[in-house]
Amino acid sequence: MFLTVQRASKTAALRAPVIRGLWFLHLALGLILLLGAGCGDTESDKVSPLPEIQLSAEDALEWDAFLQPTEEELAWHSINWRTSIWDAVVEATDTGRPLMLFAMNGHPKGFT
Amino acid sequence: MYRRYDFTTPEVLEAREFFIPVAVEHTSWQGSLPDRELYFPGFLERSGLSLYDPGEGHGANLLVGLFGLRPDGTLMKTGRTNTERPSREKPETLDYLYEVAALWDEVPAEERSFPGLDRNFPRPEEHWSGAVQVPPMPRDCWLPDCRVSPSNGLVLQSFTRDLPRQAEALMDGGVPRRKDWFKEMYNTDFILIGAPEELVPYEPVEGTIHEWPDWLRERLVRFHLVDNVGGLTMAFPAEAIEKAEVFSKVTRVTPQVVELEFVGLTRAVAENTKGLSQTQKGEVVEVGFETELRGEARWLKEQQRFEEFRFTAIGTRWGGTPQNRRAEVEFPPHTNDIEGGPIGVTFRLFTGPKEDIVPPFFAWNRRGDPDDYWNRSPALNRE
């Protein structure tokens, strides 16, 4: 709201010393508010100690590599599994090919 | 999920090319259709995939698996190729694919299409929005036109595995409780974060520490730091959260980027009142998941998005669910591998095609409560 008032009054303020003076007052107040907002930390930005944990950054990187699926495990991803049965039916009709439907209680391409 | 392992050998992959492959979460898809006949007259009946209520007991197997279908839905053959062992040879799958191909060869040319298909049927906005109950009101962001969609925000893919053990817990007779192929199994999920800017301090300065927003910490601990290695697991209720301390620390700032490291501690404990078996009632077991978390990311200021994002949670799981008790022998319950073991979950920025993104598991309307999953009024600050 302050910035809107600032812009709206700027042109008129340049014409009259009285108004110009008010404009400077607005500017000063606005700067004080902005500086206050910039310097004041939000609750979540307050510097606080990080939790102490055993897991190092290097170990986390190694575990990340371990947890990734292997190429063989990802081979099934190399199949262009359609996720829209509607589009798959249209494609099968157009190409004259049968469908191989993989249906699960949980999505096969995600967590099942 | 074991059938993923059916499609890992070159022979099977080659044989599969004969077909149009499609993967669906069947009950959510079927249950969400306002009028099945609108899309496929007769398809569900010809395929045998009409919505089935298993009632008491475990009847869901009728609707899961591989189905070789004609384009009009006529079922040619269904395959019970449940290959649990990830690295085992796949003769059953290969034989099944050849059998279906042979059946297809006998189908007359005039029956190899879907005569009643309406190509102009109204497609859902998102390729999976017909299969998941997308909340009618905007979630996970503040703008009125925000949608639950992988088009907005941050998409991470997670992978979960058991970690190596120094010693296996043994049953009577010295047999390891944990099925050996659990050592190789992995599972995956997606996490959608509609307001990724909330992970970055408002005015980032090197050294600033910023706690992740409550709603995201809760979502992570309840729905994503879970033992899903064997699939179909339980989420933690809100009151199960004991620790959800996850922070970003600014490590570097330039006019263009903000680099962050992530550090966290999590713990959730709840009771699984549904037991360890899908077919028989079992005893109540305590289920827990406790981790330490580390990661890093790179935020682009002008684009307001993450260019890199990775974190890994390492810790312990204990308890079990029917799919995740890891045991060779289902009963008695003490033979299950529920005392606990090391586990890891890693999350990475997903950079694949949008079509490969599926909704987070617990956002599906049959698997969890979508309202609960997308809720931005976290339990962490509730009275």
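First the proteins, then the strands, lettered A, B, ... as listed; each starts at 1.
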Please identify, among Met76(B), Arg348(B), Glu17(B), the residue contributing the most non-hydrogen atom pairs under 4.5 Å to chain A. Arg348(B)
For Arg97(A), check side-chain hydrogen bond (donor to acceptor under 3.5 Å, both in side chains) against everything at least two apart and list the hits. none
Holding to ring pair (Phe, Tyr, Trp, His ring centres under 6.0 Å), I want the full list of residues that pass it with Trp63(A), two or more places apart in sequence or in another chain. Phe66(A)
To the nearest 0.5 Å, how far apart are CG in Leu55(A) and CD in Glu292(B)? 6.0 Å
Atom OG1 in Thr188(B), atom CG in Leu67(A): separation rounded to 0.5 Å? 11.5 Å
Please round to the nearest 0.5 Å and tell me the distance separating atom CD of Glu296(B) and atom CG of Leu61(A). 6.5 Å
Quick one: pull up CZ in Phe347(B) and CG in Asp64(A) and give me the separation to the nearest 0.5 Å. 11.0 Å
One should read off an interatomic distance between Trp104(B) CH2 and Leu99(A) CG, to the nearest 0.5 angstrom, of 8.0 Å
Chi angles and distances behind the salt bridge (charged side-chain N to carboxylate O under 4.0 Å, His left out) call for Arg294(B), Asp59(A): CA-CA 9 Å; Arg294(B) 274 212 189 263; Asp59(A) 287 346; over 6 Å; no
Check whether Val246(B) gets within reach of chain A through its side chain, its backbone, both or neither, counting any heavy atom under 4.5 Å. neither
Which distance, rounded to the nearest 0.5 Å, do you find between the CD of Glu62(A) and the OG1 of Thr312(B)? 11.0 Å
If you tally heavy-atom pairs under 4.5 Å against chain A, which of Arg112(B), Glu261(B), Arg161(B) wins? Arg161(B)
Answer whether the closest heavy-atom distance between the side chains of Leu66(B) and Leu101(A) falls below 4.5 Å. no
Using a 4.5 Å cut-off on heavy atoms from C-beta on, say whether the side chain of Met100(A) contacts that of Ile20(B). no
I want to check something: taking the side chain as every heavy atom from C-beta on, are Val22(B) and Trp81(A) in contact at a cut-off of under 4.5 Å? no
